[in-house]
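Here's the structure, in structure tokens; my notes come after.
Numbered from 1 within each chain, the chains take letters A, B, ... in sequence-line order.
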Amino acid sequence: MMKKFREVILLLLLLSFVPHAEGTRYSLPGKPALTRCRSPEKETFTCWWEPGSDGGLPTTYALYYRKENSETVYECPDYHTAGKNSCFFNKNDTSIWVNYNITVVASNALGSTFSDPVDIDVVYIGEGDVEGEVVLLLIIQPDVKPNPPEKVAVTVMEDKGWPFLRVSWEPPHKADTRSGWITLIYELRVKLEGENEWEMHLAGQQKMFNIFSLRSGGRYLVQVRCKPDHGFWSEWSSASHIKVPDYFHRERSVWILITVFFAFIFLIVSWCIHINSHSLKHCILPPVPGPKIRGFDKQLLKNGKSEDIFSALVVSDFPPTSSSNYEDLLVEYLEVYIPEEQELILEESKDLHDGCLKPKGSTFDSDSGRGSCDSHTLLMDKCGEAKDDGRQTDQDGSQTGSEAQRQQAAWEQEALTYAHEDMISPDMSSGRVKTWPSVFSPLPQYSLSPLSQPSSLETAKQHCLSDSLFPPSSLSSYLTQPGQSTKEALRSSCSDFCSSNKQPLLLHPQPDARHQLQARSDVSISSISHKEAPAGLQLPTVRSTEYVEVHTVNEEDMVLLHPVPVGHSHGKGCLQTHQGEDYSKVNGVDKNNVLLLQREVMEEQVDMCPCENKDANGATESYCTSSAQKSIPCIHTALPVQEEKAVNGYVDTATMFPLPIH
Amino acid sequence: SLVFIKTTQSKLFLNQLISLLFMLYMVAACKAVPISDLLDRASQRSDRLHSLSTMLTRELDSHFPPIGRMIMPRPAMCHTSSLQTPNDKEQALQVSESDLLSLARSLLRAWVDPLLVLSSSANTLPHPAQNSISNKIQELQEHSKNLGDGLNILSGKMGPAAQTMSLLPYRGGNDLGQDKISKLINFQFLLSCFRRDSHKIDSFLKVLRCRAAKMQPEMC
């Protein structure tokens, strides 16, 4: 009824206006349309519409609604609360779970226009699907969009020295969350002042939230919003500003502590390295082994003169004779030297008494070619052994000496006597450690009174010494018994000689030895006297070889030697291929009382001759010419055979024939 | 050997006793689950239920024939509209807890059959998003069943008044329609009815939750 009445009035108005307005065209208002409806708390809601064209005339708008199960049309109770073109439904007018059919009418003088009706259900009011003009039935989802949370409060609190933000808020005052009618969930966001990125945090249903990991001294902005369980997010609350206090000094102190700690560790480590620098160096850079050549002077090398270096090498010890250390070369040997005039020089170089120096086995150089000079060690053993051995040695030595002498029996009778005496005297001194008594080449004129023990020994030494020191020619001087003075002169030199060198037993059987000995002795004495201090060891030159053979052994256990003519009766074909001197040594005494002699050639290669053993009452002479370059096999008497290696090819009968001890 | 047997027997007996005590304890502990927790779980399920139904209606609406909207049946035609439920907040807050629970249970029970119809119809639904709709219907059924079981347990704890239920039979039949339009329209109508009812259930349970959680205000 009301509607129709209004329409009539509008038409009349329009008709009345028409004849008057020729220039202006008025029309009905355009069709309005509901745009959206919203309920903030599911208790009230508001709807907005969009007006159409007004048609040139003042237009009024009205909203009418009808509820689900009734036909009663109600008009909007409140057009003003929510602003223009809106209709606000209060609690009394709001029913939930009830469909509303809403229509908006635009009216002007000419008429009114109706909008399309819209069905809404307040409960699930969402966004309005306002699309298309020709929609008769529109299901509008009015949005339940709550108001933003209220009373957002941000405070700074501390947790064990580290600050954090505590944000608290309250739900919008209209939303009744306490009864559970509306359930809100919250979300907040934080950012530093001046930055663009927000940090979002979902807080759920709680109304309080803690934010950690703050920058010291920073200014932060915090905002909160909320959403009903089946609705839309509200707008963000207004930003709350907060400033975090500075706590960098705490951080700084931690860094200082860490720095100090690491500095301390560093100091300790460097000190440890310094302490162990040497071993570390040794570990990391192992020392390069230097050259180990005897006589090699590193200093010379460093100085850089190669000539000096090599000359030093050449000069000194190699081949080691006697200059350096006589003690190293303790050797027992029996020297028989026969000069060109066939003098027989029997020497026993080694005076054990004086030569029995402390063994220096360590310095013994077997490479020098005198490896067979195990008499050296024998000497040492003798030093420490009982007198019996010494005595035996003496005896053997004497035998050896006797052997040598026998070769020149004729002229050596006295010499042998002398030697015997010599030998005896050492016997008398058997208490002392000694090697063989020196056997001097006998001289007829030598009626040696029993020399004092030391003197005989010294003489032996002298002989030894002179054997090596002096040229062979002068060696004959040994045969002469120098006077006491000369003896003493020789003593020192001989002692040196004895200690340092192993001298071969020189056997130079020469028939004319005696005479020549005699002749020479006078001559040589003087020469000897002059040559007290030998400049250096000289090896005896090579002389013609003459061989001696054991002739007999007299009852005094003297071996009488005969010179053997060259070239025969060697039995086994010993060759004499050189004119060198032979230094034969008594190698030892066989178990069958065979006296073993070794003869070898200095500096020349000689074919090996098998040793010849001759039985002569238990004393034999076996001599070999051994091809020895420089090696001098030693003769051992009455001593256990030393395992000296036969170097350079000469026969070391010592090893072959172990000496008996009797 | 007698002693040995006795000891083994006593051990067995001891073991049995221990296991029995343990079971009793577990039962007691289970019963001691507070109602607020149960309601919380129930309201979570109902929330999920309503979200699913909302999504379904929107999905269906995306490709809905415009004419369908015109001839959509009115919501008063839902088979659950006969149930008297509060219409606003004041009314809802005046309802007792057992009544609220009873209402929720009744509504939920009323949708067991229609959901079956929906799920069967979803397989042949002439809609481009038919697959997604079908999956959501499946999920709806699961959640509905779980929620029903939970509410049954709750009603047992809340007294006999909570046990009463209203029957709301569905008389729509197994078939939603012969032609495509009617199928879609009926499908959409059912879904809209379900959406409303799920919202009711959710609201009631959340009101109940807040009432039970007096010691835990953060629940509300």
Side-chain angles (χ1 to χ4, degrees), chain A residues 39 41-44 66-70 89-101 116-127 129 131-132 134-139 141 144 171 174-186 203-208 228-231, chain B residues 39-40 43-44 46-48 50-51 53-55 57-58 61-62 64 66-72 74-78 80-81 83 85-94 100 188 192-193 195-200 202-214 216-220:
Chain A
S39 167
E41 74 286 88
K42 289 200 295 190
E43 296 171 41
T44 64
R66 191 164 62 80
K67 285 195 180 179
E68 184 176 306
N69 291 327
S70 71
F89 295 83
N90 59 11
K91 287 185 188 180
N92 298 329
D93 298 326
T94 307
S95 300
I96 55 171
W97 297 311
V98 170
N99 269 9
Y100 281 68
N101 195 314
D116 295 326
V118 170
D119 263 341
I120 60 161
D121 193 336
V122 180
V123 181
Y124 34 83
I125 292 175
E127 289 289 324
D129 299 326
E131 286 178 3
V134 188
V135 175
L136 297 179
L137 198 69
L138 197 65
I139 297 175
Q141 305 284 346
V144 180
K174 285 188 185 175
D176 184 11
T177 55
R178 196 167 295 184
S179 64
W181 183 245
I182 185 166
T183 308
L184 293 174
I185 55 177
Y186 304 95
Q205 280 180 255
Q206 60 199 22
K207 298 178 187 57
M208 182 253 302
D229 44 5
H230 301 292
Chain B
L39 279 170
D40 189 35
S43 54
Q44 285 173 16
S46 65
D47 190 286
R48 180 65 185 153
H50 181 66
S51 306
S53 65
T54 310
M55 281 193 282
T57 50
R58 284 196 186 141
D61 226 12
S62 60
F64 202 73
I67 195 69
R69 292 202 188 100
M70 281 194 255
I71 57 176
M72 184 78 72
R74 294 171 154 276
M77 304 284 289
C78 290
T80 55
S81 57
L83 193 64
T85 56
N87 288 328
D88 61 9
K89 186 183 99 173
E90 285 76 13
Q91 291 179 16
L93 292 181
Q94 286 168 8
L100 280 172
Q188 177 74 305
S192 67
C193 289
R195 189 176 83 166
R196 174 186 285 186
D197 289 339
S198 65
H199 191 271
K200 282 182 184 177
D202 188 43
S203 296
F204 297 157
L205 288 176
K206 281 176 179 171
V207 168
L208 278 174
R209 177 175 74 172
C210 262
R211 280 199 207 168
K214 289 177 184 119
Q216 294 154 315
E218 67 271 9
M219 281 246 200
C220 300

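- In the model, A/H230 has a side-chain atom that pairs as donor or acceptor with a side-chain atom of B/D202 under 3.5 Å.
- B/S81 places no side-chain N or O within donor-acceptor distance of the main-chain N or O of B/M77, the cut-off being under 3.5 Å.
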Point to revise | Steps toward salt bridge (Lys or Arg N to Asp or Glu O under 4.0 Å) verdict (A/E41, A/K174) | key: CA-CA 7 Å; A/E41 74 286 88; A/K174 285 188 185 175; 5.1 Å; no

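- Both the backbone and the side chain of A/E68 come within contact range of chain B, with heavy atoms under 4.5 Å apart.
- Of the atoms belonging to B/Q91, not a single heavy atom falls under 4.5 Å from chain A.
- In this structure, a donor-acceptor pair under 3.5 Å is absent between the side chains of A/T183 and B/K206.
- Counting heavy-atom pairs closer than 4.5 Å to chain B, the top-ranked of the candidates A/G204, A/P171, A/S179, A/S95 is A/S179.
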